[in-house]
Asker: 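I have a structure here, written as structure tokens, and I will follow up with some questions on it.
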There are 2 protein chains.
Amino acid sequence: MQKQETLTKNQKIILDLIEKSDQPLKAYSILFDVKKKGINAPLQVYRALNKLVKIGKIHKIESRNAFIACKNSKCQIAKATVFSICESCEDVTEIHDHKLSEHLRDFKDNKGMKYNKYNLEFFGLCKKCV
Amino acid sequence: MQKQETLTKNQKIILDLIEKSDQPLKAYSILFDVKKKGINAPLQVYRALNKLVKIGKIHKIESRNAFIACKNSKCQIAKATVFSICESCEDVTEIHDHKLSEHLRDFKDNKGMKYNKYNLEFFGLCKKCV
DNA sequence: TTAATTATGTTATATTATTACACAGCGTTA
DNA sequence: TAACGCTGTGTAATAATATAACATAATTAA
């Protein structure tokens, strides 16, 4: 049984904001939005973001430097993320594909490296933008 | 037959430097190193990097904001990259695994999105660091 | 040989992220 | 209960990453 994390005030404020958006948010846009709630400095935002990433509540879209909520309630997948990104409208969707996950989880390279995490980003054009 | 790109002076200088390193280099460390060759400004470095990424001579390691040379002479894989990253020593290796590439190339999500590119980063501990 | 495209050099600035310091709250444990 | 470790807070300063805007030159295509 995984310990249920209790979030602090700052962490809750920032998680709420990210969960309300279905698209990734950037750190400084988050900062702008939470100033009215008393969060004034970048570091306060980054600290909360780092924690939320760590516990799997949000994911970082590395190629965009932005953060999106994890829709998977179980959050075991914090360490195994797959996203699709539209290069035109920048729409980002988290992908859960059992077969793909299995394939990635089971992947072994020829160097004997032990993987505990991966991040996969697919790029293309979404239906609307084709 | 793919057109063989002719690189400009700046592009060559920067590609040379990156190819001499077997590990990813960061933009400002590149800038520092090429100052003696007359490249003085970040933008000159970023412009060359962007071009080299575009033509597949180098890849960006998104989670590290760093650039590594593509070892694959054919460079068709600029748009389909897989890396392993050691979270302890930060060693980065490009992975070419036929089965994995096939799987990723053929991946279809359930939203009808057309992918033309992907980037996969595996994280863990390399043999030395385990 | 004009026009379009791509690259250059430079200055300034925007964006993303961390260091450093002082201190507060909480649970453990001795 | 006092000392300790751990995690979080608030603030200021600054580091690291990346792009905008402008003028100009070189290269390629029509």
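Below, each value reflects all heavy atoms present in this structure, side chains not excepted, and no hydrogens, waters or symmetry copies. Letters A, B, ... mirror the listed sequences (proteins, then strands); counts begin at 1.
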Asker: With distance as the sole criterion, is a donor-acceptor pair present between the side chains of Thr93(B) and Lys111(A) under 3.5 Å?
Answerer: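 Indeed, the side chains of Thr93(B) and Lys111(A) share at least one donor-acceptor pair under 3.5 Å.
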Asker: Between Glu87(B) and Lys117(A), does any NZ, NE, NH1 or NH2 come within less than 4.0 Å of an OD or OE carboxylate oxygen?
Answerer: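 Yes, charged N to carboxylate O under 4.0 Å.
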Asker: Just one of Phe83(B), Phe123(B), Phe122(B) clears the ring-ring contact (aromatic ring centres under 6.0 Å, His included) bar with Tyr115(A), so which one?
Answerer: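 In the set Phe83(B), Phe123(B), Phe122(B), the residue that makes a ring-ring contact (aromatic ring centres under 6.0 Å, His included) with Tyr115(A) is Phe122(B).
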Asker: Please examine the side chains of His59(A) and Cys70(A), heavy atoms only from C-beta on, and report whether any two atoms are closer than 4.5 Å.
Answerer: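 Heavy-atom side-chain distance check passes, below 4.5 Å.
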Asker: Tell me: CD of Gln11(A) to C1' of dG8(D), nearest whole Å?
Answerer: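 For the pair Gln11(A) CD and dG8(D) C1', the rounded distance is 8 Å.
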Asker: Can you check the Leu15(A) CG to dG8(D) P distance for me, whole Å?
Answerer: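 Taking atom P of dG8(D) as the reference, CG of Leu15(A) is at 14 Å.
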Asker: Which part of the nucleic acid, if any, lies within reach of Lys60(A) when heavy atoms closer than 4.0 Å are counted: base, sugar-phosphate only, or nothing?
Answerer: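 Counting heavy atoms under 4.0 Å across all strands, the contact made by Lys60(A) is with sugar-phosphate only.
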Asker: Roughly how many Å is it from CD1 in Ile55(B) to C1' in dA7(C), rounded to a whole number?
Answerer: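 For the pair Ile55(B) CD1 and dA7(C) C1', the rounded distance is 13 Å.
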Asker: Find the distance Lys51(B):NZ to dT8(C):P and express it as a whole number of Å.
Answerer: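 One finds 9 Å between P of dT8(C) and NZ of Lys51(B), rounded.
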Asker: Roughly how many Å is it from OH in Tyr46(A) to P in dA16(D), rounded to a whole number?
Answerer: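 For the pair Tyr46(A) OH and dA16(D) P, the rounded distance is 15 Å.
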Asker: Please report, rounded to the nearest Å, how far the C1' atom of dT17(D) is from the CD atom of Glu62(B).
Answerer: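 Answer to the nearest Å: 12 Å.
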Asker: In whole Å, I'd like the distance from the CG atom of Asn10(B) to the P atom of dT6(C).
Answerer: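 Roughly 17 Å, once rounded to whole Å.
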Asker: Report the end-to-end axis angle of the helix from dT1(C)-dA30(D) to dA30(C)-dT1(D); each axis comes from five terminal pairs, and the value is rounded to 10°.
Answerer: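 The end-segment axes of the helix from dT1(C)-dA30(D) to dA30(C)-dT1(D) are tilted 40° relative to each other.
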Asker: Round to the nearest Å and state the distance from Lys9(A) atom NZ to dG25(C) atom P.
Answerer: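 These atoms are roughly 13 Å apart.
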Asker: Return the nearest nucleotide to the side chain of Asn65(A); candidates are dA18(D), dG9(C), dA17(C).
Answerer: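 Out of dA18(D), dG9(C), dA17(C), the nucleotide with an atom closest to Asn65(A)'s side chain is dA17(C).
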Asker: Under 4.0 Å between a side-chain N/O of Thr8(B) and OP1 or OP2 of dT6(C), yes or no?
Answerer: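 Indeed not, no polar side-chain atom of Thr8(B) lies that close.
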Asker: First locate atom CD1 of Ile18(B), then atom CD1 of Ile58(B), and finally report the distance between them rounded to the nearest 0.5 Å.
Answerer: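 The CD1 atom of Ile58(B) is 4.0 Å from CD1 of Ile18(B), to the nearest 0.5 Å.
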Asker: Looking only at side-chain N and O atoms, does Asn119(A) offer a donor or acceptor that is under 3.5 Å from a partner on Thr81(A)?
Answerer: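 Yes, a side-chain donor-acceptor pair sits under 3.5 Å.
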Asker: Report yes or no: do Phe107(A) and Leu104(B) belong to one cluster of Ile/Leu/Val/Met/Phe/Trp/Tyr joined by side chain heavy-atom distances under 4.5 Å?
Answerer: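 Yes; tracing contacts between hydrophobic side chains, which count when under 4.5 Å, links both residues.
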Asker: Under 4.0 Å from any atom of DNA chain D, heavy atoms only: list the residues of residues 20-44 of chain A that qualify, in numerical order.
Answerer: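 Of all residues in residues 20-44 of chain A, the ones placing a heavy atom under 4.0 Å from DNA chain D are Asn40(A), Ala41(A), Leu43(A), Gln44(A).
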Asker: Under 3.5 Å, is there a donor on one side chain and an acceptor on the other for Ser63(B) and Glu121(B)?
Answerer: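 Indeed, the side chains of Ser63(B) and Glu121(B) share at least one donor-acceptor pair under 3.5 Å.
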Asker: If hydrophobic clusters are built by linking Ile, Leu, Val, Met, Phe, Trp and Tyr wherever their side-chain heavy atoms come under 4.5 Å apart, do Val34(A) and Leu15(A) end up in the same one?
Answerer: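 Same hydrophobic cluster.
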